[in-house]
Protein chains: 4
Amino acid sequence: MTEKRASIGARRNPDTEAAVLNAATQILAEAGIAGLRMEAVAKRARAGKATLYRWWPTRGALLLAVYRRMKTEDVYADTGSLEGDIAGVLRLVFGHWRRETGAVFRSIIAAAQVEPDVAEALAEFRLERRTALLAVIARAERRGELPAGLVPERLAEAVIATLWFKLLSHDLDDDPDALARVLTQSWSKG
Amino acid sequence: MTEKRASIGARRNPDTEAAVLNAATQILAEAGIAGLRMEAVAKRARAGKATLYRWWPTRGALLLAVYRRMKTEDVYADTGSLEGDIAGVLRLVFGHWRRETGAVFRSIIAAAQVEPDVAEALAEFRLERRTALLAVIARAERRGELPAGLVPERLAEAVIATLWFKLLSHDLDDDPDALARVLTQSWSKG
Amino acid sequence: MTEKRASIGARRNPDTEAAVLNAATQILAEAGIAGLRMEAVAKRARAGKATLYRWWPTRGALLLAVYRRMKTEDVYADTGSLEGDIAGVLRLVFGHWRRETGAVFRSIIAAAQVEPDVAEALAEFRLERRTALLAVIARAERRGELPAGLVPERLAEAVIATLWFKLLSHDLDDDPDALARVLTQSWSKG
Amino acid sequence: MTEKRASIGARRNPDTEAAVLNAATQILAEAGIAGLRMEAVAKRARAGKATLYRWWPTRGALLLAVYRRMKTEDVYADTGSLEGDIAGVLRLVFGHWRRETGAVFRSIIAAAQVEPDVAEALAEFRLERRTALLAVIARAERRGELPAGLVPERLAEAVIATLWFKLLSHDLDDDPDALARVLTQSWSKG
DNA sequence: TTGTAACCGAGACGGTACGTCTCGTCTTGCA
DNA sequence: TGCAAGACGAGACGTACCGTCTCGGTTACAA
């Protein structure tokens with residue numbers, strides 16, 4: 001990393017952005033969302049407060065930027081069955097959240113209740129996840145696996161609801177297979 | 001309202017408690033959780049800040065007290081079928097939340113991510129609801145309605161997950177019947 | 001001491017008074033006048049705040065009561081000369097103040113700048129001391145020791161001024177003989 | 001007056017300092033030291049409390065700043081005799097104190113009993129005055145006016161003691177000439 | 001003998017001020 | 001010329017005491 005960042009002209013300095021996001025990520029890890037103070041982030045990043053406010057006008061904006069940088073592109077593997085695929089999704093997301101991003105996403109849900117821009121971004125995240133899940137369900141449909149009457153959108157939402165609920169309940173160690181079984185109602189097929 | 005509240009001796013004054021909870025409820029309605037400042041509550045209730053902190057040491061404690069006072073004892077009607085019963089539960093809770101308590105409960109979920117005491121109380125609420133739902137499911141079991149393999153606790157949790165998700169997604173006007181159908185997998189019976 | 005003091009009927013309880021003054025004295029010794037809080041005195045004395053305020057309505061009143069209880073009746077010895085007598089007075093008062101009452105009297109002077117009742121009591125103390133000093137000077141006059149033109153009241157005041165000044169300057173270890181020499185102008189006689 | 005003061009960059013704003021000291025001076029004049037509350041000063045000066053505490057961490061520091069700004073450079077006139085010079089000093093100081101600074105200096109003496117930084121500043125004031133008085137006495141010595149055995153430092157201290165005593169006794173209207181006569185023992189020369 | 005009056009400890013009450021903290025805005029001076 | 005540095009006004013935070021009050025109980029004295 002450059003020892004001394006400064007202006008690179010009349011445009012955003014990527015070094016500064018990186019320093020700020022790193023600082024915010026560290027602080028989040030150390031002190032949680034309650035410790036994520038604009039002033040502290042600026043100080044730790046050796047950035048001016050004005051600079052911070054210029055690019056991330058609210059705590060929520062900063063939070064979102066951190067999360068976006070952490071988020072990896074999930075690829076949902078094909079296990080050959082809907083139940084297995086859903087279990088895979090749960091396992092994958094729980095894994096990410098347990099390792100690092102869980103606390104941040106939890107904070108985003110909390111912040112979304114207060115800051116409208118975060119609420120908007122959260123809605124967008126939800127839709128993104130929904131789209132990905134619909135692809136998984138469509139795959140099962142192509143396999144002819146879907147029971148009659150199942151509405152893909154409803155199932156996708158139920159999966160997201162389960163994910164959020166487990167995150168907010170601090171219960172990310174629950175069994176993804178059991179959860180997937182409930183969601184896909186496999187008992188009805190026995 | 002009493003013109004003059006004050007000490008009634010070396011013990012808690014119920015008038016003061018009522019005044020504080022009323023003030024907090026009003027402020028929550030007017031300004032949301034972000035406007036729920038201890039200072040503002042004390043001022044509006046014409047109570048001293050020390051009094052406030054004596055009985056409700058954190059914003060979360062106050063929030064919980066407000067919610068507890070608003071909460072009515074839900075009685076889940078017997079509709080004759082599990083799907084109908086679950087739909088009834090969703091309809092009832094959505095109704096309450098839409099009318100008044102939704103914003104407060106949303107705030108509680110948000111606050112629970114920061115304040116441990118709120119988190120604890122929220123966990124307790126969750127268990128309470130779970131117990132009530134298990135009673136509904138047990139009723140269905142007695143009717144011989146439950147599919148083989150269904151784990152009541154899992155279903156109960158799925159219902160709560162749906163409730164929370166819809167609350168946090170500001171989607172309390174969704175169709176309870178459709179949601180209940182997904183939760184109880186009625187398609188498998190068609 | 002009685003384990004539990006309480007009312008002894010419709011009259012003042014001397015045990016309570018003693019407990020309060022003891023508590024106040026201890027607190028003054030430990031924490032100075034800044035630590036002399038009504039609340040702290042009541043707690044330490046195991047007395048109710050109402051009781052405290054009934055008998056000592058202000059901090060100043062309490063301060064005065066403590067000082068009055070500590071003050072001993074000074075007897076100014078006859079050394080045979082005015083200068084010696086004055087030196088004796090200084091030595092005696094400095095001794096008292098150094099040992100214990102100095103801090104309290106300093107607090108009284110400070111409190112007198114704020115609370116009128118303390119100011120009044122301080123004026124009274126001043127007069128008391130003046131009277132005692134005038135007796136010493138009168139003794140010298142009877143010995144024919146007084147220079148022509150000396151106004152006894154002026155000398156008495158100068159002695160008190162010196163006492164106060166040394167107390168407020170935290171300089172109670174200064175030499176009483178040297179001070180007495182200046183006050184009685186012995187150089188003029190050599 | 002400027003309508004709106006604010007930051008002038010990363011350094012102290014003299015306008016703010018002036019506003020604060022003006023506010024403090026006014027409040028002292030109106031309500032005395034008991035009314036000199038940090039909160040009130042901040043409000044009246046339209047300054048933030050943080051700003052106040054940044055530059056004047058204690059009430060004593062504020063008091064000192066006010067006094068220093070009020071203090072004028074005393075020039076002690078040469079009357080041709082020691083007694084006259086001392087009388088002049090007393091008259092001059094009494095005059096200042098009567099007009100305006102007396103209450104403030106009294107407050108400083110009181111505050112010095114509680115706050116160590118004020119005590120320190122007071123000691124400094126004392127030394128300053130002592131030095132000025134020693135110059136007056138040296139002038140008399142050059143005139144050959146000083147009695148044998150007179151210790152200039154002792155006389156200087158006696159003058160200061162008299163000044164303080166009269167201030168604390170609210171007796172600034174006493175006759176400077178009579179006081180000077182006692183201090184310089186003119187009776188011994190008659 | 002029985003009020004009843006004043007005392008007592010306790011501590012809740014509405015308040016005020018404290019000193020700290022964070023916010024978001026603003027200049028300035030350095031690089 | 002863009003950024004770090006940080007001063008600024010504003011005001012909420014949680015704490016500490018203030019002086020007043022009511023409580024429930026105790027004791028002494030008057031009726």
Side-chain angles (χ1 to χ4, degrees), chain A residues 4-13 15-16 19 36-40 42-43 45-54 57-59, chain B residues 4-13 15-17 19 36-43 45-55 57-59, chain C residues 4-13 15-16 19 36-43 45-55 57-59, chain D residues 4-13 15-17 19 36-43 45-55 57-59:
Chain A
K4 187 68 184 182
R5 273 171 296 99
S7 169
I8 57 168
R11 63 194 213 281
R12 189 165 186 169
N13 184 340
D15 288 353
T16 295
L36 188 71
R37 245 78 72 161
M38 299 303 261
E39 200 123 18
K43 177 104 25 178
R46 300 190 52 78
K49 286 175 61 177
T51 307
L52 201 57
Y53 279 102
R54 183 169 6 253
T58 67
R59 187 202 319 259
Chain B
K4 184 71 180 178
R5 268 173 305 99
S7 171
I8 56 168
R11 64 198 217 281
R12 187 165 187 169
N13 185 343
D15 289 354
T16 295
E17 178 171 10
L36 188 71
R37 280 181 274 270
M38 298 301 259
E39 201 122 16
V41 173
K43 181 136 328 193
R46 302 188 51 76
K49 284 175 60 177
T51 303
L52 203 57
Y53 280 102
R54 178 157 27 237
W55 304 118
T58 66
R59 187 198 322 259
Chain C
K4 183 69 179 184
R5 270 172 300 97
S7 170
I8 56 167
R11 65 199 215 281
R12 188 166 185 172
N13 184 343
D15 288 354
T16 293
L36 189 70
R37 247 82 72 158
M38 298 302 260
E39 200 125 15
V41 173
K43 178 108 18 182
R46 302 187 52 76
K49 285 173 60 176
T51 304
L52 202 57
Y53 279 101
R54 187 173 359 251
W55 303 118
T58 68
R59 188 200 320 258
Chain D
K4 182 72 178 183
R5 271 170 298 101
S7 170
I8 57 167
R11 66 198 216 282
R12 188 166 184 168
N13 185 341
D15 289 353
T16 294
E17 178 172 9
L36 188 71
R37 275 177 278 263
M38 299 301 260
E39 200 124 15
V41 173
K43 179 131 333 188
R46 299 189 52 78
K49 286 174 59 176
T51 304
L52 202 58
Y53 281 101
R54 186 171 3 252
W55 304 118
T58 67
R59 187 198 322 256

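Just so it is clear: chains get the letters A, B, ... in the order the sequence lines come, proteins before strands, and each one is counted from 1.
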Open item on the list: E:dG9, OP1 or OP2 - any side-chain N/O from C:R5 closer than 4.0 Å?
Closed with: yes
Open item on the list: Determine whether a donor-acceptor pair (one donor, one acceptor, N or O, separation below 3.5 Å) exists between the side chain of C:S7 and the base of E:dC7.
Closed with: yes
Open item on the list: I need the CG-P distance between D:L52 and E:dT20, as an integer number of Å.
Closed with: 12 Å
Open item on the list: Tell me the interatomic distance from A:K43, atom NZ, to E:dC21, atom C1', rounded to whole angstroms.
Closed with: 13 Å
Open item on the list: If you assign each of D:A10 and B:A42 to its closest nucleotide in DNA chain E, which residue comes earlier from the 5' end?
Closed with: B:A42
Task: Nearest-angstrom distance from the residue atom CZ of C:R54 to C1' of E:dC7 - done: 6 Å
Open item on the list: I want to check one thing: is the phosphate of E:dG14, taken as OP1 and OP2, less than 4.0 Å away from some side-chain N or O of B:T16?
Closed with: yes
Open item on the list: What is the separation between atom CZ on D:R46 and atom C1' on F:dG9, rounded to the nearest whole Å?
Closed with: 8 Å
Under-3.5 Å N/O pairs linking protein and nucleotides 13-16 of chain F:
{"residue": "F:dC13", "atom": "OP1", "partner": "B:M38", "partner atom": "N", "Å": "3.3"}
{"residue": "F:dC13", "atom": "OP2", "partner": "B:M38", "partner atom": "N", "Å": "3.4"}
{"residue": "F:dC13", "atom": "OP2", "partner": "B:E39", "partner atom": "N", "Å": "2.9"}
{"residue": "F:dG14", "atom": "OP2", "partner": "B:Y53", "partner atom": "OH", "Å": "2.3"}
{"residue": "F:dG14", "atom": "O5'", "partner": "B:Y53", "partner atom": "OH", "Å": "3.4"}
{"residue": "F:dG14", "atom": "N7", "partner": "B:K49", "partner atom": "NZ", "Å": "2.9"}
{"residue": "F:dG14", "atom": "O6", "partner": "B:K49", "partner atom": "NZ", "Å": "2.8"}

Task: Below 4.0 Å: OP1/OP2 of E:dC8 and any side-chain N or O of C:W55 - done: yes
Open item on the list: Closest-nucleotide mapping onto DNA chain F: is A:G48 or D:I8 further toward the 5' terminus? I mean the 5' end.
Closed with: A:G48
Open item on the list: Looking at F:dC3, I'd like to know if its phosphate oxygens (OP1 or OP2) sit under 4.0 Å from a side-chain N or O belonging to A:T51.
Closed with: no
TODO: May I ask you to verify if any side-chain N or O of B:R11 is less than 4.0 angstrom from the OP1 or OP2 atom of E:dC13?
DONE: no
